[in-house]
Structure formats: C-alpha cells, structure tokens
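Just so it is clear, the values below take in all heavy atoms, side chains as well, and ignore hydrogens, waters and symmetry mates.
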Amino acid sequence: MTVIENSAIEEIIYKYKMDNGLTVYIMPKPGYTKQFAIYATNYGSNDIKFLDGKHREPVEVPYGIAHFLEHKLFEEQGGSIFERFSALGAQANAFTNFNMTAYLFSSTNKFYDCLNLLLDFVNRPYFTDENVEKEKGIIAQEIRMYEDNPAWRVYFNLLGALYKNYPVKNDIAGTVESITGITKEQLYLCYETFYHPNNMAIFMIGDIDKEQAIDTVKQSFADKNIPKRGDVKRIYPDEPADVAQALVTQQLEVAIPMFYIGFKDSDIGMSGNKLMKKDIVTGVLLNMLIGKSSDTYQSLYEDGLINATFEKDYTGEINYGFSLMGGESQQPLKVQDRIMEAINKYKQSGLNVNDLDRVKRKMLGDFLMSLNRIDSIASVYIAAAFKDINLIDYPKVLDEVRISDVEERLRQHFDEKYCAISIIEPKK
C-alpha cells in the first residue's frame with residue numbers, strides 16, 4: 001500500500017494496487033457521518049475506435065455506446081439496482097462524460113454492504129437482445145429532450161465549431177440514428193475491453209476503515225479469474241489546430257440570447273503534473289482576464305453586456321482542451337469583440353503580478369474548501385488519476401506558477417485563430 005500525503009494541507013490518501021490491475025484509493029475523513037464511493041472506468045464517449053486484443057483491425061462502434069452501456073449496467077434480472085441501494089439507506093447514481101464512466105453511491109450506514117453491491121453490479125453485465133432494444137427507446141427520448149435544451153445546445157454547438165474531427169464534438173449520448181445500430185454483442189465487446197480492472201479505479205472517502213474496505217474489494221473479485229492485461233489502444237482522428245467554424249447560431253425558446261466563446265487548445269499531448277500545471281495556469285489566466293474582479297468583467301457588466309450568468313472554465317485533457325466563457329447577452333458578438341480587445345491589450349502591456357498573487361490565493365482557498373465536499377473530491381480525484389495527476393499536489397503546483405508562465409499561456413492559447421462563438425438566439 002502506498003501512502004500519498006500532503007502535510008501542508010493535512011490530507012492523506014492510501015493507494016492499493018490489486019493483482020488484477022484495479023487501483024483502490026481510500027481517503028479517511030474521521031468523524032464524517034457520510035461515506036462516498038465511486039467506481040470508474042477510464043472510458044467515455046470519445047472512445048469509439050480501438051484495438052480490443054481480439055481483432056487485428058481497429059474496431060469502431062456507434063456514437064453513444066459508452067452512455068448506453070452505463071444505462072444497461074443498472075439493469076439486472078432480479079429488478080432495480082436503485083431499489084437495492086435504497087433498501088440499504090444509500091443513494092446511487094452514475095454518469096458518463098467524454099473520458100470516464102462512473103458508478104457511485106453515498107451512504108450514512110452499511111457502507112461495506114453498499115460497496116459490495118456497487119462492485120457486484122458493475123462487474124456483472126446483463127445484456128439481452130430484448131433489453132437492448134427496449135433501452136434504445138428510452139435513450140432516444142433523452143436525446144430528443146436535450147436537442148431542445150438551450151444550455152446543452154449552446155455548449156455542444158460550440159464544441160462542433162471548435163473541432164472538425166475529434167469525437168468530443170459529438171453529444172455524449174450519441175444521436176437517435178447512432179444508437180439504433182447498437183447491439184448486445186457490441187456492448188459486451190466494449191465492456192470486456194474497457195471494464196477490465198486494469199482500466200478502472202475505485203475511490204472511497206469518509207469515516208472508513210481502510211483494511212475492511214480493501215478486504216471488501218478483494219472479496220468481490222475472489223471468485224473471478226481475471227487475466228492480467230495491458231493498456232487499451234485507443235485510436236483518435238487527426239485534428240487540425242484551427243477551428244471548424246468561427247460562428248454557429250441556432251434559434252430556440254430563450255428570452256435572452258445565450259452564448260459561449262471558446263478557445264481551442266493547440267498545446268496538447270501531455271499528462272501528469274505537466275498537464276496539471278497547464279490546467280492551473282489557464283485557470284489563473286481566465287480569472288485574471290475575465291474573473292468577476294477583473295477590469296474586463298466589471299466593464300462588460302457595467303455596460304449591460306453581461307449579467308450574473310456569465311461564467312468561464314477550462315477543460316484540459318491529454319488529447320484536447322478548450323477554454324470557454326459566456327452566459328446571457330443581448331449582444332454576444334460585441335462581448336466577443338471586447339474580450340478580444342482586452343486579450344490583445346494584455347499581450348501588449350503585460351499582466352499585473354499583484355493580480356496573480358490575489359488569484360492564486362483565491363484558487364488555493366477554493367481548492368481547500370473542495371476537500372470538505374467528499375463527493376466532488378472523489379470524482380475529481382479519480383478523473384485526475386486517469387491522467388496520471390495526483391490532485392494532492394495542487395497547492396504545490398499552484399505555488400510554483402509565475403507571471404511568465406501565465407503570460408506565455410496568454411500568447412499561446414488566446415489567439416483569434418483558435419476562437420469560435422456559439423449563440424442561441426430567441427425564436428422569431
């Protein structure tokens with residue numbers, strides 16, 4: 001067992017690697033009444049083309065199959081998994097994103113019974129031709145619902161504008177057309193490829209006995225003869241550095257236009273603390289450029305060009321990344337022009353080092369506060385671990401950020417040729 005510790009923030013995580021490849025993380029929180037566990041696979045909606053070890057040629061599956069598989073794992077012959085968790089006094093859920101599928105529960109009692117149930121149902125798929133066909137209708141309804149959701153569409157329209165080929169431009173659930181092609185055999189193939197313990201991890205947090213937790217995990221695999229296996233070979237299309245289109249608009253039922261301005265990241269292909277530093281530097285830069293205490297934000301707000309819905313964020317993955325900012329505005333294109341003016345001004349004049357120190361203090365405070373939200377820290381930690389990032393190193397990496405790092409990122413990332421805007425306009 002490995003001990004991951006940061007004495008400066010008084011947090012400790014125990015890491016245990018099982019013989020079958022599964023990585024187990026335990027973060028004790030003595031005195032907490034709530035426990036939380038998340039069991040995740042390094043597999044999401046982007047993973048539609050891969051080598052599975054059985055076929056010589058790459059296998060390509062329909063868009064939306066990872067999300068479909070998540071839905072189907074909650075179904076078993078004996079009834080509802082949700083009801084079994086409820087009987088134990090726990091709440092269960094699951095989610096699929098671009099790079100990860102996760103199954104989770106929170107409890108205040110009977111944690112180890114819940115843990116055993118979590119491992120049991122995820123490790124025991126049950127697909128039939130009949131239940132696969134039934135699920136297609138359910139997921140098709142979900143897809144159609146999101147087609148008319150302005151917040152969903154403004155986001156995915158932006159990704160479609162930023163990316164020409166990379167699968168992140170596609171809705172996580174796929175399309176009604178793509179899911180009609182999903183078969184029971186494809187689901188088992190994806191399950192066997194991506195739900196191997198070597199491609200998975202489990203994170204447990206709360207007032208938990210680490211030895212009992214590890215014994216529970218070991219016992220759940222005791223009767224399974226799982227061979228060792230290497231990493232999955234994923235195949236992604238080549239993606240040019242420039243954007244697919246600079247502007248995309250759509251009309252939906254909104255009172256005020258919604259918009260997202262996005263900047264496609266061309267500095268990709270890294271993992272570990274190098275990726276973490278890029279993520280942190282970009283977050284610092286976004287706060288300095290357009291955070292609520294920035295001159296640009298205050299100017300846009302006072303001129304009535306943005307309101308309290310305005311937000312900004314950076315998504316940094318190994319093979320892609322993008323910054324976005326947006327909300328509601330009667331003049332989204334004017335907001336974009338003003339932000340580009342501010343970016344170009346800072347490129348000429350440089351950034352204020354006093355702003356850097358202030359933003360770093362704020363970000364450290366936000367990180368320390370997040371350590372008390374056990375569900376969010378578990379999800380974020382396991383996603384980071386799949387990218388070889390140790391989240392506990394965050395304060396150290398943040399402290400090492402210098403103004404020269406931020407200014408270099410400003411010049412490299414926030415370039416007009418990497419920029420696109422998505423607008424949802426009111427129906428006329």
Side-chain angles (χ1 to χ4, degrees), residues 46 63 98 146-147 149-172 175 236-252 254 256-269 278 282-283 285-286 288-290 294 296-297 299-300 303-307 309-317 319-348 408-428:
N46 288 343
Y63 288 114
F98 298 119
Y146 280 107
E147 285 176 351
N149 183 311
W152 191 259
R153 292 280 26 110
V154 72
Y155 178 73
F156 274 96
N157 288 353
L158 175 67
L159 295 184
L162 292 175
Y163 290 91
K164 294 182 179 180
N165 304 319
Y166 203 82
V168 72
K169 69 188 180 74
N170 300 300
D171 281 21
I172 291 166
T175 65
Y236 301 118
D238 293 333
E239 175 66 35
D242 58 327
V243 300
Q245 59 188 106
L247 168 66
V248 58
T249 62
Q250 183 179 359
Q251 291 187 357
L252 289 172
V254 293
I256 303 173
M258 300 172 63
F259 74 100
Y260 270 137
I261 301 163
F263 290 86
K264 184 178 181 179
D265 201 347
S266 61
D267 185 24
I268 56 174
K278 183 181 73 165
T282 311
L285 181 53
L286 283 168
M288 294 177 74
L289 282 176
I290 199 68
S294 69
T296 307
Y297 180 96
S299 173
L300 290 169
D303 291 346
L305 289 171
I306 61 173
N307 58 27
T309 64
F310 189 86
E311 59 181 347
K312 77 276 188 279
D313 190 30
Y314 172 69
T315 295
E317 299 296 334
N319 296 309
Y320 69 94
F322 54 90
S323 295
L324 60 80
M325 54 194 76
E328 296 176 345
S329 175
Q330 296 289 359
Q331 301 182 72
L333 292 174
K334 189 168 183 180
V335 175
Q336 183 185 25
D337 288 342
R338 292 271 292 268
I339 288 174
M340 287 307 306
E341 286 173 11
I343 287 169
N344 291 327
K345 182 193 78 171
Y346 284 121
K347 285 182 178 180
Q348 293 294 322
E408 180 183 355
R409 184 65 170 153
L410 172 65
R411 290 188 295 271
Q412 181 272 323
H413 180 45
F414 288 95
D415 192 301
E416 200 157 4
K417 67 175 176 280
Y418 303 139
C419 182
I421 182 169
S422 166
I423 303 173
I424 300 294
E425 300 171 335
K427 279 190 174 180
K428 296 178 180 177

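No hydrogens or angles considered: a donor-acceptor pair under 3.5 Å links the side chains of Arg409 and Thr282. One side chain, Glu311 or Tyr260, offers a donor N or O that lies under 3.5 Å from an acceptor on the other. Gln250 and Asn157 form a side-chain donor-acceptor contact under 3.5 Å, judged by distance and modelled atom types alone.
Not a single salt bridge (charged side-chain N to carboxylate O under 4.0 Å, His left out) links Glu328 to another residue, sequence neighbours left out. Residues satisfying the side-chain contact (heavy atoms from CB on, under 4.5 Å) criterion with Ala161, sequence neighbours excluded, are Gln245, Val248, Ala420.
Shown here is Glu147, whose CD atom has more than 12 heavy atoms of other residues, nucleotides or ligands within 6.0 Å. With a 6.0 Å radius and a threshold of 12 heavy atoms from other residues, nucleotides or ligands, Gln251 has its CD atom above the threshold.
Considering only heavy atoms from C-beta on, Glu425 stays 4.5 Å or farther from Val254 through its side chain. Between Tyr236 and Asn46, the closest side-chain pair of non-hydrogen atoms falls below 4.5 Å. In this structure, Leu300 and Ile339 have side chains that are in contact, with non-hydrogen atoms separated by less than 4.5 Å. Two residues are said to be in side-chain contact when any heavy atoms from C-beta on lie closer than 4.5 Å; Ser329 and Phe310 fail this criterion.
In this structure, Glu239 contributes its side chain and Asn165 its backbone to a donor-acceptor pair below 3.5 Å. Side-chain N or O atoms of Lys312 include none that pairs as donor or acceptor with a backbone N or O of Leu289 at under 3.5 Å. A side-chain donor-acceptor contact under 3.5 Å links Lys264 to the backbone of Leu162. Judged by distance alone, the side chain of Asp303 and the main-chain N or O of Leu305 form no donor-acceptor pair under 3.5 Å.
Residue Phe322 holds its CZ atom at 3.5 Å from OG1 of Thr315, rounded to the nearest 0.5 Å. With values rounded to the nearest 0.5 angstrom, Leu286 atom CG is found 10.5 Å from Leu410 atom CG. The distance from the OH atom of Tyr297 to the CZ atom of Arg338 is 13.5 Å, given to the nearest 0.5 Å. Here CD1 of Ile261 is found 9.0 Å from CG of Asp337. Values are rounded to the nearest 0.5 Å. Note that CZ of Phe98 and CG of Asp171 are 8.0 Å apart. Values are rounded to the nearest 0.5 Å.
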*In sequence, state the C-alpha distance, the side-chain angles, and the governing distance for Gln412 and Asp265, and then conclude on side chain to side chain contact (heavy atoms under 4.5 Å, CB included).*
CA-CA 9 Å; Gln412 181 272 323; Asp265 201 347; 4.1 Å; yes

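For the side-chain contact (heavy atoms from CB on, under 4.5 Å) criterion with Thr296, the lone passing option out of Ile306, Ile343, Ile290 is Ile290.
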